[in-house]
Amino acid sequence: MARVHLSRLPGERVQVVDDGHVDVLDVTALPAFVARREADDAPRWVWDDTARWYAPLLAAGVRVERCHDLRLCHRVLRRAPAVDARLLDGEEADLWDRLRPAEPTEPVLVSADDATEHLRADLEDARQLAAVEASPEAVRLGLLLAAESAGALVAAEMTHAGVPWQVEVHDRLLTDLLGPRPPRGARPRLLEELAVEVRGILDSPDLNPDSRPHLLAALRRAGIEVPDTRRSTLHRIEHPVVEPLVRYKQLAHLFSTNGWAWIDQWVGDGRFRPVYQPAGSATGRWSSNGGGALSFPVQVRSAAVADDGWVLVVADVAQLEPRVLAGMSGDRALARAARGADLYQGMVDDGAVATRQDAKLGLLGAMYGATSGESGRMVAGLTRRYPAAFGLVEEAARAGERGQVVRTLLGRGCPALGGGSWDESPDAPPADLDDQDRHRRAYGRFTRNFVVQGTAAEWASCWLADLRNRLWRLVDDGPLESRPHLVFFLHDEVVVHTPADLADRVAAEITAAASTAGALLFRELPVDFPLNVSVVRSYADAGKPGGPPPPDV
DNA sequence: ACTACACGCGCC
DNA sequence: AGGGCGCGTGTAGT
């Protein structure tokens, strides 16, 4: 398959390298060029950063079949233990090392000049291909890079399409809970009333409940001794201030993170458009740097409503990480328990544990490194029952404690101890031995979780990539937004916006894509990845028993 | 005035 | 002493 390299040149120009043939285009001519080439034979577009190139193409109505995101792949290869780092060295290599994600606020191809503006895609691509080919894990790495790049396409497409968002619904929800929208800088009425109530109970007329020090001091004056002001701590206290104070904190959080200002900033033309960073976290999970896309609370999801005649198909994987652990460790007993919709219940039926809750505590404890309490006790028993699975995370933890890096199934390496992004303390003072020990154990918990969370992220990328292709094939023509399309992704959950009459077929494709992802990653030991699928008008109705609500007409 | 950090909370 | 994130806030440091 052809690889076409796109590099920005000084001025409004783009260099195109296609099978050795070099061409120079004006930026404005690029969408037409790409559209023509896509219609011809859909090459793999090789560019420095998908967000930078694809956003303008999407805006021009051009959809791309496949790409290779050099920045993302450079990061993966740099850290991959199975890659000979010297093969990545060469002209401009240091610039690729330093390359940051494209500014999400500037969806333009040519911006202010700096050293990283005009990197040569063809040079870097040649190095990456050579590095993968020379690796003993070339096949897995190749899959990882392809999945990663496809994820970048999905991310750009989701930002382009946006989550359908009804501002009136959101506004009504806010008004019901907080009172009418206040002038800038003021508290909404109901929030202010709660503040007054708290001040009265604590006999602190000047208290600003948003200030932790003030709040702590006021609580102490009222004879309430608490180490902090978090909700779980307050709930342990028996005092009339607890109820209004906790309610104040909840509503204040809603007001500041997902209130009217959030709507103003992130919702436009009936669409919520967050900005995603594929592989933005060290484990390969996505992060988001706009709109808090990966943490918007259940509370406001009722405002995500499909267009008229359309529905949302919402699907999430049940117990993704334990299933991934079963697959990557080749633990047949755990894979057997993973048959069916509820892995934890499968462990109970297997006779491994007494209750579902015990199974959950033990598995999560093993993956997170719990050492004490109920969770720690369950781990010991389950290790005998599922030695391969529990042994894998245990070995990852030991490796970390020895200061070694670990890798995911497809070969992503974790950041090294004391360097890179894991723990930002480059030259920590020569701490005492206890401190060093604590640090190593913390790194061990990180590496323990890294192998599972990172491989789960790889599964999810494969799921997304295959689903993206399947959705595109469902309909013969029309622009992206007129077809079933992904609008949201959150670690183990996807939301597809689709014409209502295609909902069942979309649901089937989501399920089929999950099977494909499982087979791709765990060919030697098949593991089930059952999904909870809902067809709903509003995101808030997903996952509820009793089927879809009646259409609201 | 601006930046950096800790906190508390939201999501998985 | 359970892993990964982002965000808004208040406060301390510059």
Side-chain angles (χ1 to χ4, degrees), chain A residues 104 185 187 208-216 226-234 245-246 248-259 261-262 265-266 274-301 316-322 324-325 360-376 378-379 393 396-397 400 406 408 414-415 421-425 434-435 437-457 460 488-494 539:
Chain A
R187 281 197 186 90
N208 171 13
D210 293 325
S211 164
R212 280 181 306 277
H214 292 186
L215 187 53
L216 272 177
V226 280
D228 55 64
T229 64
R230 69 179 65 135
R231 187 151 69 227
S232 57
T233 304
L234 293 173
L245 179 55
V246 165
Y248 174 87
K249 286 162 71 74
Q250 271 177 324
L251 291 178
H253 190 258
L254 172 66
F255 173 59
S256 64
T257 58
N258 294 101
W262 181 90
Q265 188 172 2
W266 297 109
V275 180
Y276 301 93
Q277 293 294 340
S281 78
T283 56
R285 270 190 176 182
W286 288 26
S287 63
S288 137
N289 59 3
L294 274 46
S295 64
F296 74 82
V298 178
Q299 218 170 2
V300 300
R301 291 188 183 182
D316 72 294
V317 190
Q319 307 110 19
L320 173 60
E321 293 188 358
V324 164
L325 175 58
K360 187 173 180 176
L361 271 176
L363 257 182
L364 294 180
M367 291 188 296
Y368 289 153
T371 54
S372 63
E374 197 70 17
S375 188
M378 295 313 306
V379 172
V393 285
V406 296
T408 60
C414 72
S421 68
W422 179 70
D423 195 69
E424 295 296 347
S425 47
D434 272 4
D435 207 54
D437 204 47
R438 257 200 310 278
H439 196 242
R440 293 206 158 231
R441 276 209 296 275
Y443 186 66
R445 285 192 299 277
F446 168 70
T447 55
R448 172 197 289 272
N449 187 251
F450 178 92
V451 294
V452 181
Q453 190 185 116
T455 305
F488 192 63
F489 166 65
L490 182 55
H491 307 316
D492 63 357
E493 175 172 4
V494 293
Y539 194 5

In whole Å, I'd like the distance from the [atom1] atom of [X] to the [atom2] atom of [N].
X	N	atom1	atom2	answer
A:Tyr368	C:dC5	OH	P	13 Å
A:Tyr276	C:dG6	OH	P	14 Å
A:Phe446	C:dG4	CZ	C1'	8 Å
A:Gln277	C:dG4	CD	P	19 Å
A:Arg445	C:dA1	CZ	C1'	6 Å
A:Asp492	C:dG4	CG	P	18 Å
A:Leu215	C:dG10	CG	P	12 Å
A:Leu364	C:dG3	CG	P	13 Å

Salt bridge (Lys or Arg N to Asp or Glu O under 4.0 Å) against A:Arg187, all qualifying residues, sequence neighbours excluded: A:Glu192, A:Asp210
What residues form a salt bridge (Lys or Arg N to Asp or Glu O under 4.0 Å) with A:Arg231, not counting sequence neighbours? none
Reading DNA chain B in the 5' to 3' direction, which nucleotide is the first one with an atom under 4.0 Å from a heavy atom of chain A, and which is the last? B:dA6 to B:dC12
Taking only residues two or more places apart in sequence, or in another chain, which ones meet [X] in a side chain to side chain donor-acceptor pair (under 3.5 Å)?
X	value
A:Arg438	A:Asp435
A:Gln453	A:Thr283, A:Asn449
A:Arg230	none

Counting any heavy atom closer than 4.0 Å, what does [X] reach on the DNA or RNA strands: base, sugar-phosphate only, or nothing?
X	value
A:Arg448	nothing
A:Asn258	nothing
A:Arg285	base
A:Val452	nothing

Taking the side chain of A:Asn449 as its heavy atoms from C-beta onward, which of C:dG10, C:dG2, C:dG4 lies nearest to it? C:dG4
What protein N or O atoms touch nucleotides 7-9 of chain C N or O atoms at under 3.5 angstrom, if any, and at what distances?
{"unit_1": "C:dC7", "atom_1": "OP1", "unit_2": "A:Gly290", "atom_2": "N", "d": "2.9"}

Residues in ring-ring contact (aromatic ring centres under 6.0 Å, His included) contact with A:Phe489, at least two apart in sequence or another chain: A:Trp286
Donor-acceptor pairs under 3.5 angstrom involving side-chain atoms of residues 250-259 of chain A: please list them, not counting sequence neighbours.
{"unit_1": "A:Ser256", "atom_1": "OG", "unit_2": "A:Ala252", "atom_2": "O", "d": "3.1"}
{"unit_1": "A:Ser256", "atom_1": "OG", "unit_2": "A:His253", "atom_2": "O", "d": "3.4"}
{"unit_1": "A:Thr257", "atom_1": "OG1", "unit_2": "A:His253", "atom_2": "O", "d": "2.7"}

Where the side chain of A:Thr455 meets the backbone of A:Val451, is there a donor-acceptor pair that is under 3.5 Å apart? yes
Testing the basics here: between A:Leu294 and A:Ser288, what is the closest heavy-atom pair and its distance to 0.1 Å? CD1-CB, 3.8 Å
